[in-house]
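Written out below as structure tokens is the structure these notes cover.
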There are 2 protein chains.
Amino acid sequence: MTKAKFDREETINSAVELFWKNGFNGSSMQQVTKATGLKPGSIYLAFENKQGLYQEALDLYANKSLEGIQHQIDQAASPGEAICQILQEMVRTASEKNYNSCFLVKSQLELASENSELHAFANQKLQQIEALYAHNLTPEFGEDLANARAASIMFHIFGIRVYGYHKKSPDVLLRALQDGLPWLPWPDHA
Amino acid sequence: MTKAKFDREETINSAVELFWKNGFNGSSMQQVTKATGLKPGSIYLAFENKQGLYQEALDLYANKSLEGIQHQIDQAASPGEAICQILQEMVRTASEKNYNSCFLVKSQLELASENSELHAFANQKLQQIEALYAHNLTPEFGEDLANARAASIMFHIFGIRVYGYHKKSPDVLLRALQDGLPWLPWPDHA
DNA sequence: CGTCTGCTTGAATGATCATTCAAGAAACTA
DNA sequence: TAGTTTCTTGAATGATCATTCAAGCAGACG
């Protein structure tokens with residue numbers, strides 16, 4: 001039972017889980033081997049080193065996010081309504097017991113001054129997300145306003161991602177969102 | 001030249017600088033000894049361990065922040081104007097070359113699932129800051145509205161603290177702040 | 001069948017980690 | 001002055017870290 005290359009995506013998924021929870025410096029490669037069931041040799045052959053695996057983890061996480069956002073927008077009656085749903089879901093997530101913020105945001109903060117490559121990668125992925133929102137808002141608002149509003153959405157998402165740890169009522173978050181993003185089609189009384 | 005207890009605050013200040021930049025797991029006690037000029041024995045006698053020193057670093061940083069906020073409010077014509085100044089200063093800081101977010105925010109994210117004591121401590125300090133804003137807004141808005149608006153301020157501060165890494169024009173940040181906090185007395189054309 | 005290639009194995013390596021503690025030196029006590 | 005207390009010193013410790021690599025195995029190729 002050798003050969004039979006391991007399932008790469010499954011492995012990266014395990015790495016996402018671990019790194020997301022504990023961060024780059026808070027996760028050891030020994031933990032990675034335990035989480036993935038692989039031996040060091042296999043991991044190092046496939047990903048070169050810890051940074052390589054971390055970057056692929058960031059990449060997979062970000063691409064899933066991008067797909068999820070586009071999917072939600074495609075399903076909804078309008079991009080605005082989809083965005084409301086996405087933000088409300090984030091607020092709901094933030095109230096869960098083991099809330100864990102966002103892998104990209106956490107990485108961006110942790111690696112700001114220590115690993116500029118991974119920091120830049122996370123940054124780039126966050127800007128891709130912003131660009132996706134801008135792209136979907138452009139038909140309705142025109143490019144300039146869409147860009148400004150996408151930036152505003154990202155700004156508010158970051159607010160949720162940190163304020164979520166305060167464990168106050170979700171109403172506080174929802175209210176801040178509705179006040180700060182009044183141009184979104186919020187459901188009444190929500 | 002022994003005895004003569006070292007300057008505790010100066011030491012903690014060096015620790016703040018190091019921990020703020022590199023985080024808890026990204027900073028070693030060897031780095032601490034280099035940064036403070038103290039030997040391990042002195043540090044461990046005075047702070048018990050790495051966590052103890054880190055907590056005192058958080059405490060000093062937070063107390064300085066609290067004092068700074070109150071001082072700015074006391075100097076200004078109104079709490080609202082002081083808050084505008086504080087937020088504008090944060091935006092300015094975020095555009096600097098070696099922007100480093102906020103020590104409390106970074107700690108809160110890094111230590112969420114690994115060190116619940118330090119995580120809780122950072123959380124508590126952030127809530128103290130929120131309470132200080134609420135306290136200063138209460139005379140003008142009444143307690144309920146002041147609480148809601150203090151929460152909204154914190155929410156926006158977190159947005160700055162993460163979005164700041166994107167290195168876009170400060171106008172984007174300022175615009176998001178003015179849109180999200182329209183009840184603040186923003187200077188015209190700013 | 002024999003060889004080659006591609007993947008896995010897992011013990012080993014040297015570096016670095018947080019922390020300890022015996023030894024020593026200044027200041028205070030009496 | 002002699003003794004005690006308080007603080008500093010810095011080499012040492014064992015754990016854990018990221019990473020390496022010789023050895024072995026399974027399928028592909030001829």
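Note on naming: letters A, B, ... go to the chains in the order of the sequence lines (proteins, then strands), and numbering restarts at 1 for each one.
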Practice prompt. Assess whether side-chain contact (heavy atoms from CB on, under 4.5 Å) is satisfied between B:E110 and A:L109, documenting all intermediate values.
Written response: CA-CA 8 Å; B:E110 181 186 1; A:L109 288 192; over 6 Å; no

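One atom, NZ of A:K34, and another, P of C:dG10, lie 15 Å apart when rounded to the nearest Å. The OH-C1' distance, from A:Y54 to D:dT19, rounds to 19 Å in whole Å. Atom NZ of A:K50 and atom P of D:dT16 are 15 Å apart (whole Å). Rounded to whole angstrom, the span from the CD1 atom of A:I43 across to the P atom of D:dC21 amounts to 17 Å. Per the geometry, CE belonging to A:M29 stands 18 Å off C1' belonging to C:dC17, to the nearest Å. Residue A:F47 contributes atom CZ, which lies 14 Å from atom C1' of C:dC7 at whole-angstrom precision. Atom CG in B:L38 sits roughly 17 Å away from atom C1' in C:dT20 (whole-Å rounding).
Relative to the side chain of A:L45, the nucleotides C:dT8, D:dA18, C:dC17 differ in distance, and C:dT8 lies closest. For A:P40, the side-chain atoms get nearest to C:dG10 when compared with the rest of C:dC7, C:dG10, C:dT9. If you check C:dT8, D:dT8, D:dC17 against the side chain of A:F6, the one that comes closest is C:dT8. Comparing C:dT19, C:dC7, D:dA18 by their closest approach to the side chain of A:K5 singles out C:dC7. In the set C:dT8, D:dC17, C:dT19, C:dT19 carries the atom at the smallest distance from any side-chain atom of B:N49.
B:T33 comes within 4.0 angstrom of nothing in the nucleic acid, heavy atoms only.
Each end of the helix from C:dC1-D:dG30 to C:dA30-D:dT1 gets its own axis, taken as the rotation carrying the C1' atoms of four end pairs onto the next four within a five-pair window, and the two axes meet at 10° to the nearest 10 degrees.
Checked by atom type, the side-chain pair A:K106/A:N100 shows a donor-acceptor distance below 3.5 Å.
Side chains of B:L38 and B:T33 form no contact here, defined as non-hydrogen atoms less than 4.5 Å apart.
Relative ring orientation between A:H166 and B:F158 is described as perpendicular, the plane-to-plane angle rising above 60° on a 0-90° scale split at 30° and 60°. Ring geometry for A:Y54 versus A:F19: interplanar angle of 30 to 60°, hence tilted. Note: B:Y61 and B:W20 have perpendicular aromatic rings, judged against thresholds of 30 and 60 degrees for the angle between ring planes.
Counting heavy-atom neighbours within 6.0 Å of B:K21 NZ, excluding the residue itself, gives a total of 12 or less. A 6.0 Å sphere centred on CD of A:Q51 holds more than 12 heavy atoms belonging to other residues, nucleotides or ligands.
OP1 or OP2 of C:dA18 has at least one side-chain nitrogen or oxygen of B:Q30 nearer than 4.0 Å. Dashed line: the shortest gap from a side-chain N or O of B:Y44 to OP1 or OP2 of C:dT19 is under 4.0 Å. Side-chain nitrogen and oxygen atoms of A:S28 include at least one within less than 4.0 Å of the OP1 or OP2 phosphate oxygen of D:dC17. In this structure, B:K39 does not reach the D:dT8 phosphate: none of its side-chain N or O atoms is under 4.0 Å from OP1 or OP2.
The nearest heavy atom of DNA chain D to A:S42 and to A:F24 marks one nucleotide each, and the one closer to the 5' end goes with A:F24.
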